[in-house]
> 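Can you keep this structure in mind? I'll have questions shortly.
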Amino acid sequence: MITLNVNGKTHEVDADPATPLLYVLRNDLKLNGAKFGCGLGQCGACTVMVDGEAVYSCLTPILLLQGRSIKTLEGLGTAEQPGPLQQAFIDEQAAQCGYCIPGMIMRAQALLERNPSPSDEQIRAHMNAGLCRCGTHMRILRAVHRASKTMQGAIPGAKRA
Amino acid sequence: MNAKASSGGFGPQTSGPGLRLSRREFVAGAGALVVSFALLPRLGTAQAAQESRAPALPGSLKDTPMLDAWIRVDADGTITVFTGKVEFGQGIKTALVQLAAEELVVGPARIRLVTADTSRTPNEGYTAGSNSMKDSGTAIMNAAAQVREMLVGMAATRFNLPADSLVIEDGRVRAADGRNVAYAELVAGQSLHVTAQPQSKLRDPKSRTVRGKALPRLDIPGKVTGAVAYVQDLRLPNMAHARVVRPPSYGARLRSLDRSAAEKMPGVLKVVRDGSFLAVVAEGEYQAIGAMRSLGRSAIWDETATLSPKTDLYAELQSLPHDDYQIRGDASASAKAWSVESSYRRPYQMHAAIGPSCAVALYDGGKLTVWTHSQGVYPLKGAITEMLRLPPDSVHCIHMEGSGCYGHNAADDAAADAALIAVAIPGRPVRVQWMREHEHLWEPFGSAMLTSAKATLDAQGTITDWQFDVWSGTHSSRPGQAGNLAAAWLLQSPFALPTPKPIPQPEGGGDRNAVPLYDIANTRVVHHFIPKMPLRVSALRSLGAYMNVFSIESFMDELSLAAKLDPVSFRLRHLKDTRAQDVIRLAAERFGWNGFQQREPGKRLGRGFAFARYKNLGAYAAVAMEVDVDRESGRIDVVRVVAAVDSGDVVNPDGIRNQIEGGIVQSLSWSLYESVAFDDTRITSRDWSSYPIMRFASVPQSIDVHIIDRPGTPFLGTGEAAQGPAAAALANALASAVGVRIRELPLTSKRVKAAIGV
């Protein structure tokens with residue numbers, strides 16, 4: 001049994017310790033946010049936060065995650081009560097197929113928790129690790145800027161993470 | 001039409017060939033207008049319509065003419081709209097709901113939309129070719145208007161008032177005297193099972209409240225909060241996980257296999273083998289991956305060197321057997337001396353979805369259900385039925401979204417895999433997820449293409465003669481037949497890939513947009529169709545239009561240079577089509593084409609312009625672009641892009657902007673970086689490092705999309721309009737920046753550097 005802390009809740013997981021977090025999140029915990037994209041750490045679709053940092057869940061075995069704080073898309077809000085980044089993506093209509101978007105949101109969350117008012121250049125550099133094939137980049141950038149404005153100074157969960 | 005629909009459109013009819021079919025008994029359950037054989041009478045009504053020589057029904061009503069196949073009003077107030085088209089990120093669901101809501105005069109939240117499902121929705125073939133608004137949008141809009149008129153007619157009868165004295169407010173019909181009735185009450189005991197009429201009383205464009213507005217996409221809140229949004233997220237009770245061990249190369253055969261190690265691994269339920277088709281099923285997903293790797297290590301394949309990387313790809317294209325189709329002009333339309341001649345090259349390129357293909361299938365009691373992100377559930381159903389040699393109607397395909405596909409990717413192949421595996425493990429749902437390298441190596445690519453353009457200019461700079469040749473493989477090898485499914489080639493009793501036929505004009509495939517929209521006295525266009533290509537090829541967003549527009553619009557700039565005329569005015573003087581002129585003028589004006597200057601002396605800034613009308617019958621799009629070229633590295637930075645688009649009557653302006661923005665970025669990615677690599681046997685572009693695409697660091701500083709709305713005109717589609725113009729505007733901007741034209745895609749920094757000669 002491996003103990004994982006996901007979105008503030010503790011889970012006992014009966015899985016091979018070498019299993020990448022992605023499969024445990026999706027299949028054992030039934031969380032859809034993190035997506036399988038490449039399994040190689042090249043695209044960012046599986047991105048979640050671990051202790052405040054953006055991490056590729058497809059490459060990170062659960063063995064390494066005991067006692068650490070994991071946050072997924074589901075930890076930011078719900079469709080009824082979206083978190084600031086989720087709301088910003090809705091407001092900017094920053095999705096086409098949307099498959100890469102959960103990873104984009106988690107990557108942006110990690111940035112904004114560390115730097116609440118990043119420059120456009122900093123956002124582009126930080127988001128560069130995430131791939132989008134629909135070409136939604138301009139809207140994603142706008143959504144991160146928008147969230148940065150709404151989150152200024154007070155980020156719920158920033159200290160907790 | 002108005003009077004007819006209001007008074008008698010829904011009641012017993014006294015004449016007309018559709019009668020026999022509408023004189024049926026509706027399912028009485030709860031008074032709902034649920035019709036038991038809504039989808040069955042297609043043949044009958046089609047024959048009837050033909051016999052009566054009735055005017056053609058609009059959009060997909062042509063093929064599915066019964067109103068209740070499209071719209072159902074339940075006695076509990078639920079309104080369900082059915083479409084045979086699918087969502088893959090283009091926003092079609094939202095636009096279709098807007099159309100239905102507008103014509104039914106209800107809030108969009110009241111409408112439930114059911115997308116492609118072989119037991120529930122009309123068969124609208126593939127969701128492709130930017131045709132969804134034209135086909136399904138037109139059908140739903142007209143069906144909704146006719147249903148509304150029927151409901152108003154029912155209310156008029158009930159109130160004993162003329163229909164035109166009644167008003168509707170959010171699904172409730174009101175009389176001036178205060179009496180009112182909800183649709184739900186009206187439908188109790190009534191039938192919507194009637195044949196659509198050719199004409200509908202559509203709502204006045206001026207009174208629209210839902211259409212033409214940027215209604216937020218209905219699917220986005222779920223997608224950004226972790227709802228079950230994709231087939232990848234489908235989690236059925238007792239579901240097992242499967243992985244396929246794909247061959248290493250085209251035509252490879254499984255010579256030997258030691259399955260003992262894999263079979264002993266924890267969680268492994270079954271190794272499935274049929275000829276060279278090899279898969280493994282396990283309880284857990286990561287267990288299936290481990291077993292797949294174990295099997296992959298033990299499998300020994302016989303491979304054949306079928307590819308020729310050392311040969312010039314484009315010389316090879318011209319040397320392959322091809323069928324020639326002259327699609328415009330005649331053999332005499334050739335000039336004695338050409339003023340300008342150029343040829344252009346486009347390599348194989350990928351769809352490269354971010355999420356590899358996935359499907360879930362369940363075989364139970366002789367019935368197979370497949371959840372798939374295929375673009376065509378009905379054709380897929382036929383192909384799977386044939387592949388598994390199952391009785392007709394034992395396969396049910398249900399669409400669920402996948403990652404954006406941009407054409408015929410591996411969606412259908414994954415569905416076929418799931419079907420094969422599910423049949424081997426009856427009673428358990430099986431989820432098959434392709435790995436990254438599976439998608440890269442096995443998806444059908446966009447065909448490599450070669451074009452040649454020649455033209456003569458007169459003394460005034462007018463094009464008098466034009467000859468254009470395009471060499472291309474097929475742009476459609478979609479299923480319909482088992483042999484179009486990758487797994488079917490590998491079976492013990494295999495199916496061969498059917499020989500493709502060219503998609504006919506006016507839409508065309510490899511020759512899509514090969515005919516210039518420009519007014520030219522003598523034009524000759526020849527499509528050299530190559531039936532058998534060395535690499536697997538099929539439909540990639542915009543098909544041949546991407547390359548043909550890249551070629552024609554690059555060539556137009558070369559001609560304008562030869563004629564010493566401004567590229568924008570040169571285009572305008574060759575176009576009589578005023579809608580074409582309008583998008584060109586709008587894009588040029590908003591870009592600041594005429595006042596454009598090298599803002600920073602010493603920098604290599606350039607401006608480029610391009611235009612096309614997609615398929616020559618779809619949306620008009622013009623793109624202006626500014627680039628900054630670094631002479632040392634050859635790197636092109638796209639600074640800003642301005643586009644103007646006319647998609648006809650606008651249903652959701654933000655949906656159009658999103659598609660055009662995305663189309664521009666994707667086309668820039670294709671045009672700057674992308675080319676499928678291979679050796680003599682294997683594809684070597686197997687992941688994102690060996691097939692790089694555009695990233696945030698390279699996207700433009702800004703993209704502005706301006707829309708020209710044409711209320712009351714037909715829908716022209718949007719999804720593929722930007723691909724060609726964006727590529728040509730890029731090449732033209734590069735030529736403007738450094739004075740060198742590159743005619744081979746992609747415009748890599750290596751090619752730019754070599755061309756500049758730094």
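Note on naming: letters A, B, ... go to the chains in the order of the sequence lines (proteins, then strands), and numbering restarts at 1 for each one. Because the structure is predicted, anything quoted here is derived from the model rather than measured.
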> With chain A as the partner, which of B/Q666, B/K223, B/R217 has the greatest number of non-hydrogen pairs under 4.5 Å?
B/R217
> With respect to chain B, which residue among A/A34, A/G33, A/G98 yields the maximal number of heavy-atom pairs within a distance under 4.5 Å?
A/G98
> Are the side chains of A/I2 and A/T19 in touch, meaning some heavy atoms are under 4.5 Å apart?
no
> Using non-hydrogen atoms only, which part of B/L668 is less than 4.5 Å away from chain A: side chain, backbone, both, or neither?
neither
> Kindly assign one of parallel, tilted or perpendicular to the pair A/Y23 and A/F36, based on the angle between their ring planes and the thresholds 30° and 60°.
tilted
> Taking C-beta and beyond as the side chain, do B/F445 and B/L540 meet within less than 4.5 Å on heavy atoms?
no
> Mind ranking B/M694, B/E401, B/M435 by heavy-atom pairs under 4.5 Å with chain A and telling me who comes out on top?
B/M435
> Would you indicate whether the side-chain heavy atoms of A/L141 and B/F696 approach each other to under 4.5 Å?
yes
> Quick check on the interface: out of A/A129, A/P102, A/P20, A/A18, who has the most heavy-atom pairs with chain B under 4.5 Å?
A/P20
> With chain A, which of B/G404, B/S403, B/S669 has the greatest number of heavy-atom pairs at distances under 4.5 Å?
B/S403
> Shorter than 4.5 Å, heavy atoms on both sides: which option in B/H241, B/E437, B/R541, B/H440 has the most such pairs with chain A?
B/H241
> Between B/R640 and B/Q701, is there a side-chain heavy-atom distance shorter than 4.5 Å?
no
> Checking B/R686 against chain A: side chain, backbone, both or neither under 4.5 Å from a heavy atom?
neither
> Does a side-chain heavy-atom distance below 4.5 Å link B/R635 with B/S698?
yes
> At a 4.5 Å cut-off on heavy atoms, which part of B/M239 comes close to chain A: side chain, backbone, both, or neither?
neither
> Under 4.5 Å from any heavy atom of chain A, what part of B/R235 do you find: side chain, backbone, both or neither?
side chain
> Check whether B/W434 forms a cation-pi arrangement with B/R246 (NZ or CZ under 6.0 Å from the six-membered ring centre, at most 45° off the ring normal).
yes
> Counting only non-hydrogen atoms closer than 4.5 Å, does B/Q90 touch chain A with its backbone (N, CA, C, O), its side chain (CB onward), both, or neither?
neither
> If only atom types and distance count, is the side chain of B/Q723 paired as donor or acceptor with the main-chain N or O of B/S542 below 3.5 Å?
no
> Heavy-atom distance under 4.5 Å to chain B: side chain of A/I90, backbone, both or neither?
both
> For the candidates A/I140, A/T72, A/N27, which exhibits the highest count of non-hydrogen atom pairs separated by less than 4.5 Å from chain B?
A/N27
> Look only at the side chain of A/Q86 and the backbone of B/V224, and say whether a donor-acceptor pair between them is shorter than 3.5 Å.
yes
> For A/M138, is it the side chain, the backbone, both or neither that has a heavy atom under 4.5 Å from a heavy atom of chain B?
side chain
> Would you call A/E74 and A/K9 a salt bridge, taking side-chain N to carboxylate O under 4.0 Å as the test?
no
> Could you have a look at B/P356, B/G402, B/P221 and say which one has the most heavy-atom pairs with chain A under 4.5 angstrom?
B/P356
> Under a 4.5 Å heavy-atom cut-off, does chain B meet the side chain of A/L31, its backbone, both or neither?
backbone
> Measuring from A/L4:CG to A/E12:CD, what's the distance to the nearest 0.5 Å?
8.5 Å
> Counting heavy-atom pairs under 4.5 Å with chain B, which one of A/G130, A/P82, A/C100, A/C97 comes out on top?
A/C97
> Could you look at A/D28 and say if it's the side chain, the backbone, both or neither that has a heavy atom under 4.5 Å from chain B?
neither
> Among A/A45, A/A79, A/G44, which has the most heavy-atom pairs under 4.5 Å with chain B?
A/A79
> Under 4.5 Å from any heavy atom of chain A, what part of B/F88 do you find: side chain, backbone, both or neither?
backbone
> As an exercise: rank B/V665, B/V228, B/I354 by heavy-atom pairs under 4.5 Å with chain A and give me the winner.
B/I354
> Please classify the contact of B/A227 with chain A as side chain, backbone, both or neither, using a heavy-atom distance under 4.5 Å.
backbone
> So does B/K93 pair up with B/E87, basic N to acidic O under 4.0 Å?
no
> Taking the six-membered ring for Trp, is the centroid-to-centroid distance between B/Y406 and B/H351 below 6.0 Å?
no
